[in-house]
Structures are given as structure tokens and as C-alpha cells.
2 protein chains.
Amino acid sequence: MTTIIKAAVDIADALGLEAVTLATLAKKLNIRPPSLYNHFDGLPGLRIELAIHGLEELRGSLMNAAIGRSEDDAIYSIADAYIAFVRKHPGLYEATLPAPGNEDDRLQQLGSDIVHIFTRVLQSYGIEGDAAIHTTRGLRSLLHGFASLEAKGGFGIPLDLDVSIKQMLHIFLVGIRSVKE
Amino acid sequence: MTTIIKAAVDIADALGLEAVTLATLAKKLNIRPPSLYNHFDGLPGLRIELAIHGLEELRGSLMNAAIGRSEDDAIYSIADAYIAFVRKHPGLYEATLPAPGNEDDRLQQLGSDIVHIFTRVLQSYGIEGDAAIHTTRGLRSLLHGFASLEAKGGFGIPLDLDVSIKQMLHIFLVGIRSVKE
DNA sequence: CCTATAAACTAATATCGTTAGTTTTATATT
DNA sequence: AATATAAAACTAACGATATTAGTTTATAGG
């Protein structure tokens, strides 16, 4: 990871993605803002680089979590990795979310890779084809929804969030078995 | 709804929340930007007003969808209303998401109202107390996750999204019955 | 040592949010 | 109706931002 991306990630995770500006980034690097144009194509270009880096990290975490596991074991492990990633890198995760106009091929590929991890695990349940796609969408919705609501402080009530994750995954996994046949 | 908020909602839904600036809003209203300060407290104030208006609308839709329904019927109806709202008002929905620093009392109350709609419906399953809170978090995660991924174009594969909603809700509702006892 | 490439710089411009102070418009009170 | 008050518009100006253009410095490779 380049020094510049690392600095941008630090700002994003500490202060939020919107705090990553050419001004703040340049200040952190002891550089003048225009110098950054030698490394990426302006603020939109930086956002794309951040998204790519974030998706690569996320993909790595999820793949690692899925190795040697199947069915519920794999799902719990992947879910853990997903939520841990967002907790550790809230700003970087924000950068990975599809933004209008981001049609970079590398982003498409990374997104597809991540979806593939889910569908592979669902195969271990015997879920394939369209059902696997629908179920993957459900799982991604659940994980992204929880992680992003948590990151924004959307769960006001002071009740253990890890228990909520466990319970909602349990619900989903019980339900998933009704899709198999 | 005031003329100003309506104009801001139009911009947000058409071009995204980040396109709602004092400059674009003033232009749409044939006004100079400083005049807007007579109506709200700068851009942060406008954001809060948008969030309040959006949450009021969302709460109304969800309440209306839940009237006279119970169990799965109520959940499907609420989910429909939730996703329909985000599809109709993607920018306004974005404005409703908790933002750092937004500790306005009205926002807290509206958020609490919306959570209450879910927990009331879960009562019709016999789910109460902490279980109701955990399950509500799961449902909100599922709906918010799906709606926001859909809004951002996060589902690349061209496979019917409404079927995905039905299937993931079915999965969750089958699983929910394992929480009851 | 010279040259070519990368990466920094300064200077300048347009846009945005914001503040201050002023003027116009609308409302309400006598 | 005339006037006082409040609401809402305006102009002018400032600081911060992204961006472009043109220039200078550093760094490698031959």
C-alpha cells in the first residue's frame, strides 16, 4: 500500500470519508495539494483508489474467514470478518460502497469476487443458481445493513450488539434451510 | 412541507444528497445563497431539517403499512413500504441516516418511533423484551442494507430484485419463529 | 556527467459556505 | 391609512476547496 493511500485511510477511519480532502491529505503528507495530482486523478481518482484498496482488503478478510469452513460455520466466520472489517475501517468501508459514476473495471471485478465467496459457501448448503443469488443478496443486505447502521450509531438502545449479530444470523440460517429444496 | 424543503428533496432525489448545496438550492429557488440563512442554520441545519422531514415521511408510511396487519402479513407490508420509500426518495432517505453530530431531540424521537413500529409487530409473534430488540435490529439491517445497496446500484447481476426481497424476507420469517420460544 | 522522468512547487481561477451589514418586503398595530 | 416591527431578501467580502497551468527540483539510468 502506498504511503499516500495509507494516509488517506487513516484520515477516513479517524474522521470519516468526507474528511478525506486533497487539503487534509496534503497537510498530513507535508505536501501542497496540487502535488497529489502526480499520483491520482484528483479527488474522484483518489476515491476510486480508496475503493479498490478497501475492496481488496475486504475480499482478503472474507476469503480467509471462509477457508476450510462450510455451512453455518462458514457463514458465522464470514459475518464476523465482515463486521470486524467495518469496525476497524469505517471510513475505508464507506469508500468501498458503489458510488454513482464508478464504473472502473477493477471495482466490478472485486465486487464480483466478493459475491462469489458467498455463493460458494451457499453451495455447501446445496443452494445454487438463482436461489444462491437471491440468498447472497439477503446475506449481503443483512451484513451491510447491520455494519453501516452500527457505524453511524443507528442503534440507540444500549443492548449488546454482538448478541444481535448472533441472533439475526441464527434467524437467517434457520430460514436458509427452507430454501434448499 | 415548506417550499424550501420540497426543493431540497427534489434535488436530493434527482442528483443525490451531496448535490444539495446552498448554491444549488438557492439557484433552484431563484434566491441568493445567504438568504437561505433566514430559514435554517446553514448547511448543517438544512441537513437536519431534511432528516426530520424524511423520518416523518418514513414513519408515516411504515405506520400506514402496519395498520390492521399482524405477523408475516405485517412484516411483508412494512418491508414493501420501506423499500418503496427508498426507491421513491433515495436522496431523502440518505438524509435520514444518522450523521455524526446529529443529536437533535426530534431525530431521536422519530428514530425511536420507527423502532417501536417494528417491536409492536414482533409482539404479534409473541416476541418481546430483549429478543424483540435484537430481532428489530435484524429486520432494520435487512431492509436498510437491501435498500441502500439497491439505491447505490450494488446489485450488479440482472436478476429480479423484488424476488430477492421476497426470498430474503421469507428466510427471515421462517427463522423468526425459532426465536419465539 | 548528462539526460529523462517523476514529483514537488508557485500562481491563479472558480466554486462553495459563511458572516456582516443593508435594503426591501410583508405583517401587524395603532 | 400610517407607522412600527419583523421577516426575508440583497450585496460585499473572507476563507477554504479543487483544479489547471506552468515551473522548478529530485531522482535514476545510461
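Reminder, nothing fancy here: chain letters follow the sequence lines and each chain counts from 1. Only heavy atoms go into these numbers, but all of them, side chains included; no hydrogens, no water, no symmetry mates.
Nearest to the side-chain atoms of A/Tyr37 among the listed nucleotides C/dA20, D/dA18, C/dG17 stands D/dA18. The side chain of A/Thr21 lies closest to D/dT17 when the candidates are D/dT17, C/dG17, D/dT19.
Contact between the side-chain N/O atoms of B/His39 and the OP1/OP2 oxygens of D/dA7 is not found at any separation under 4.0 Å. Remark: B/Ser35 is not in phosphate contact with D/dA8, judged by side-chain N or O atoms under 4.0 Å from OP1 or OP2.
Atom CG of A/Leu36 is separated from atom P of D/dA21 by 17 Å (rounded to the nearest Å). Going from atom CG of A/Asp41 over to atom P of D/dA18 covers 14 Å, rounded to whole Å. Atom C1' of nucleotide D/dA16 and atom CZ of A/Arg32 are separated by 16 Å, given to the nearest angstrom. Nucleotide C/dA6 holds its C1' atom 15 Å from the CZ atom of A/Phe40, rounded to whole Å. Note: CG (A/Leu25) to P (D/dT19) measures 12 Å, nearest angstrom. Atom-to-atom, CD1 of A/Ile11 to C1' of D/dT17 comes out at 14 Å; the value is rounded to the nearest Å. Remark: P of C/dA7 and CG of A/Leu29 are 13 Å apart, rounded to the nearest angstrom. Residue A/Ile31 contributes atom CD1, which lies 11 Å from atom P of C/dT10 at whole-angstrom precision.
Looking only at distances, a side-chain donor or acceptor of B/Ser148 sits under 3.5 Å from a matching main-chain atom of B/His144. Distance alone, capped at 3.5 Å, is enough to place a donor-acceptor pair between the A/Thr119 side chain and the A/His116 backbone.
Remark: aromatic rings of A/His89 and A/Tyr93 are distant, center separation not under 6.0 Å.
Residues B/His170 and B/Tyr76 are in side-chain contact: their nearest non-hydrogen atoms beyond the backbone lie under 4.5 Å apart.
Not a single donor-acceptor contact under 3.5 angstrom links the side-chain atoms of A/Asn38 to the base of C/dA6.
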